[in-house]
Amino acid sequence: MDSRTTPFYLSLPLGTWFQTQVRVSLFFLLLLIYCLLEHPAPIAITIFGLVFFSVLLHEFAHVFAARWTGGEAEDILMWPLGGLAYARPANTPASEFLTPAAGPLTNMVLAGIARRASL
């Protein structure tokens with residue numbers, strides 16, 4: 001069963017970026033509500049924005065890696081516990097390795113940038 005037919009896929013479209021449809025799950029908005037209840041508004045919005053941005057970069061890394069290696073990707077769903085990139089790597093060892101590895105590699109780069117900025 002395609003996960004896009006389940007209630008967890010309830011989402012709002014954010015548009016098409018880099019030939020990829022980007023949607024935000026209604027559950028992701030619960031994260032914003034939680035942040036607003038727990039923190040002052042400027043801090044809550046900053047936390048939400050950083051999580052959103054990092055998840056979006058992670059998912060686009062999967063998309064770009066799939067396309068770069070000959071695979072396909074057309075859809076990203078932003079979730080509070082991580083995103084879902086609907087990517088299909090090409091049937092090659094390089095594509096099947098790089099497509100899933102691109103997201104965590106992007107996170108490592110973001111962590112390095114954050115570490116460098118905190119020094």
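The first residue in the sequence is number 1, and the count goes up from there.
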For this session: Can you measure from CG (Leu84) to OG (Ser11) and round to the nearest 0.5 angstrom?
Result: 10.5 Å
For this session: Among Ile, Leu, Val, Met, Phe, Trp and Tyr joined by side-chain contacts under 4.5 Å, find the other residues sharing a cluster with Trp68 and list them by chain and number.
Result: Phe97, Leu98
Exercise. Between the side chain of Glu72 and the main-chain N/O of Arg88, is any donor-acceptor distance below 3.5 Å?
Worked result: no
For this session: Report the residues that fulfil side chain to side chain contact (heavy atoms under 4.5 Å, CB included) with Thr92, sequence neighbours left out, ordered by chain and then residue number.
Result: Ala90, Ala94, Ser95
Problem set entry | Common cluster, Met78/Leu10, ILVMFWY with side-chain heavy-atom separation under 4.5 Å | yes
Seminar exercise, completed: In this structure, OH of Tyr86 is separated from NE2 of His62 (nearest 0.5 Å) by 12.5 Å
Exercise. Linking I/L/V/M/F/W/Y whenever any side-chain heavy atoms sit under 4.5 Å apart, do Leu26 and Leu56 land together?
Worked result: yes
Indicate every side-chain donor-acceptor pair of residues 103-119 with a distance under 3.5 Å to a residue at least two apart or in another chain.
unit_1: Thr106; atom_1: OG1; unit_2: Ala102; atom_2: O; d: 2.8
unit_1: Asn107; atom_1: OD1; unit_2: His58; atom_2: ND1; d: 3.1
unit_1: Asn107; atom_1: ND2; unit_2: His58; atom_2: ND1; d: 3.4
unit_1: Ser118; atom_1: OG; unit_2: Arg115; atom_2: O; d: 2.8

Exercise. Residues two or more places apart in sequence or in another chain: which of them pass side chain to side chain contact (heavy atoms under 4.5 Å, CB included) with Glu96?
Worked result: Pro89, Asn91
Exercise. Atom CD1 in Ile76, atom CZ in Phe60: separation rounded to 0.5 Å?
Worked result: 4.0 Å
Exercise. Quick one: do Leu57 and Val24 end up in the same hydrophobic cluster if we chain Ile, Leu, Val, Met, Phe, Trp and Tyr together by side-chain heavy atoms under 4.5 Å apart?
Worked result: no
Seminar exercise, completed: One should read off an interatomic distance between His39 NE2 and Tyr34 OH, to the nearest 0.5 angstrom, of 6.5 Å
Problem set entry | Sequence-distant partners of Phe28, ring-ring contact (aromatic ring centres under 6.0 Å, His included), two or more places apart | Phe48, Phe52
For this session: Identify the residue among Leu50, Ile45, Ile43 that makes a side-chain contact (heavy atoms from CB on, under 4.5 Å) with Ile47.
Result: Ile43
For residues 12-22, tabulate all N or O donor-acceptor pairs below 3.5 Å that involve a side-chain atom, not counting sequence neighbours.
unit_1: Thr20; atom_1: OG1; unit_2: Phe18; atom_2: O; d: 3.1
unit_1: Thr20; atom_1: OG1; unit_2: Arg67; atom_2: NH1; d: 3.4
unit_1: Thr20; atom_1: OG1; unit_2: Arg67; atom_2: NH2; d: 2.8

Problem set entry | Residue pair Ala87 / Thr99: nearest heavy atoms and the distance that separates them | CB-CG2, 4.2 Å
